Peer 1: 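Here it is, the structure, as structure tokens.
Remember, it's a predicted structure, so these values are computed and weren't measured experimentally.
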Amino acid sequence: MSFSFKQSGLATCMNVTNSGFHKRLISTICSRSSFSPCLNLQNPERRNLSVSKPFHISSIEKINEKKPVFECKAYEADKSQPIEVEVKSEAAKRLKIGIYFATWWALNVVFNIYNKKVLNAYPYPWLTSTLSLACGSLMMLISWATRIAETPKTDFEFWKTLFPVAVAHTIGHVAATVSMSKVAVSFTHIIKSGEPAFSVLVSRFLLGEAFPPSVYLSLVPIIGGCALAAVTELNFNMTGFMGAMISNLAFVLRNIFSKKGMKGKSVSGMNYYACLSLLSLLILTPFAVAVEGPQMWAAGWQKALSEIGPQFIWWVAAQSIFYHLYNQVSYMSLDEISPLTFSVGNTMKRISVIVSSIIIFHTPVQPINALGAAIAILGTFLYSQAKV
């Protein structure tokens, strides 16, 4: 007979009831274990084997036979994996998340820059918002048709649950674009950093959800910082301010509807946002035509081309493409990280957008205004930690 044994982390005790098997086991251990003394197992009254650092018999086989006669395994011994593999896997996951975050922030900064350039030369936020959704929808339709991306498997129930999400997404997208057409990009994002306050208030009064005191306390610097930044904003505009506030409320409702409606769905983050863009485009287009109209769009387009030149076409294409890309990456990152990590990343994203827009557009900022923005951003970070 041949056998192998392993050291286990648990105390192990074996009872051998068959006398013949017991004697053969003893003789085999003594004859084949030249590196250790023979264990005294001759007492017929005691049939237990126990040692201070117990061994574990993994298998006992007859010589020249493949089928094991007797087999028992230690949980720790058989389940254990090399530490190096786990470390490498964790490091790879962190690197992947880091790439997602860096790409998300970079694409968002580029979008905001080109979006503001377009709105300065072409102040039609409803059409601009429509073009952003149309570009993203076209990109995904081509990806599905050419099999670059896997076509999502959807049904009527999927689109039914997606509809309220798309309505809220459409309102939030248009409101944010209207805001940026009236005020500085930095001011819009400072106000939008107050989104956690809307999230808590809506969840508390509409859904009856309770939060610990630390969450409510974290809203104080958020609300106070946003208020201080708004009061001291040199180019304050009520339409721009209200647009950012409406966007906050709409995106909070979008997140709530999305959380409720997508339970149990197997659509990936990338395809989920693609379907959201398609449905939002269908909702937004008739309203954009009614509010602004083709005649205003055509006149404004000719004026922008005469003032900016052909470069204006690239600005429109860039803001449309990068809008879809940064949102798509953000939804893809949700498949890899927790909501808490996502909220922290969203906070850091706003900081990068605010700082870069101030530098590129030379936005005048008073020290008290910068202080208000810093307080609001700090409050947003504290909120994400308190939500744990």
Peer 1: Excluding sequence neighbours, so at least two apart, what forms side-chain contact (heavy atoms from CB on, under 4.5 Å) with Ser199?
Peer 2: Ser203, Val252, Tyr383
Peer 1: Would you say Ser179's side chain and Ala175's backbone share a donor-acceptor pair under 3.5 angstrom?
Peer 2: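 Such a contact is absent between Ser179 side chain and Ala175 backbone.
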Peer 1: Looking at Lys182, I want to see if its NZ is surrounded by more than 12 non-hydrogen atoms of other residues, nucleotides or ligands under 6.0 Å.
Peer 2: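 Not more than 12 within 6.0 Å, no.
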Peer 1: Does atom OH (Tyr216) have a neighbourhood of more than 12 heavy atoms from anything else shown, all under 6.0 Å?
Peer 2: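 Yes, the 6.0 Å shell around OH holds more than 12 heavy atoms from other groups.
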Peer 1: Excluding sequence neighbours, so at least two apart, what forms ring-ring contact (aromatic ring centres under 6.0 Å, His included) with His189?
Peer 2: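 Scan of His189 (ring-ring contact (aromatic ring centres under 6.0 Å, His included), adjacent residues dropped) gives none.
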Peer 1: Taking the side chain as C-beta and beyond, is there a heavy-atom pair between Ser132 and His173 under 4.5 Å?
Peer 2: yes
Peer 1: Checking Thr128 against Thr177: is there a side-chain donor and acceptor pair closer than 3.5 Å?
Peer 2: no
Peer 1: What residues join Leu95 in its hydrophobic cluster, counting side-chain heavy atom gaps under 4.5 Å, either direct or through other members?
Peer 2: Ile99
Peer 1: If the plane angle is over 60° it's perpendicular, under 30° parallel, otherwise tilted; pick one for Phe241 and Phe187.
Peer 2: tilted
Peer 1: Does the Thr380 side chain pair with the main chain of Ala376, one donor and one acceptor, at a distance under 3.5 Å?
Peer 2: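 Yes, Thr380 side chain to Ala376 backbone: donor-acceptor pair under 3.5 Å.
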Peer 1: Does a donor on one side chain sit under 3.5 Å from an acceptor on the other, for Lys192 and Ser247?
Peer 2: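 There is such a pair between these side chains.
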Peer 1: Look at the side chain of Ser330 and the backbone N and O of Asn327, then say whether any donor-acceptor pair between them is shorter than 3.5 Å.
Peer 2: yes
Peer 1: Please examine the side chains of Trp159 and Cys275, heavy atoms only from C-beta on, and report whether any two atoms are closer than 4.5 Å.
Peer 2: yes
Peer 1: Is a donor on one side and an acceptor on the other found under 3.5 Å between the side chain of Glu292 and the backbone of Leu127?
Peer 2: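 Yes, because the side chain of Glu292 sits within donor-acceptor range (under 3.5 Å) of the backbone of Leu127.
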Peer 1: Verify, without hydrogens or angle tests, whether Asn248 (side chain) and Ile191 (backbone) share a donor-acceptor contact under 3.5 angstrom.
Peer 2: yes
Peer 1: Determine all donor-acceptor pairs shorter than 3.5 Å in which one atom belongs to a side chain in residues 308-317; sequence neighbours excluded.
Peer 2:
| unit_1 | atom_1 | unit_2 | atom_2 | d |
| --- | --- | --- | --- | --- |
| Trp314 | NE1 | Tyr114 | OH | 3.3 |

Peer 1: Walk me through it: do Tyr273 and Met140 pass the test side-chain contact (heavy atoms from CB on, under 4.5 Å)?
Peer 2: CA-CA 10 Å; Tyr273 180 71; Met140 289 309 301; over 6 Å; no
Peer 1: More than 12 non-hydrogen atoms from neighbouring residues, nucleotides or ligands closer than 6.0 Å to CD on Glu307, yes or no?
Peer 2: yes
Peer 1: Donor-acceptor pair, Thr285 side chain versus Leu282 backbone, under 3.5 Å?
Peer 2: no
Peer 1: Could you pull out all residues at least two apart from Phe111 that satisfy ring-ring contact (aromatic ring centres under 6.0 Å, His included)?
Peer 2: Tyr323, Tyr326
Peer 1: Would you find a donor on one side and an acceptor on the other, under 3.5 Å apart, between the side chain of Ser193 and the backbone of Ile377?
Peer 2: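 Answer holds: no.
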Peer 1: Do Trp126 and Leu284 make a side-chain contact, defined as non-hydrogen atoms from C-beta onward lying under 4.5 Å apart?
Peer 2: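 Heavy-atom side-chain distance check passes, below 4.5 Å.
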Peer 1: Would you say the side chain of Arg350 lies within less than 4.5 Å of the side chain of Glu195, judging by non-hydrogen atoms?
Peer 2: yes
Peer 1: A side-chain contact here means heavy atoms from C-beta on lying under 4.5 Å apart; do Trp144 and Asn271 qualify?
Peer 2: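 Result yes, sub-4.5 Å side-chain heavy-atom pair found.
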Peer 1: Check side-chain contact (heavy atoms from CB on, under 4.5 Å) between Gln366 and all other residues, then give those that pass, not counting sequence neighbours.
Peer 2: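 Only Thr232, Leu234, Ile368, Asn369 meet the side-chain contact (heavy atoms from CB on, under 4.5 Å) criterion with Gln366.
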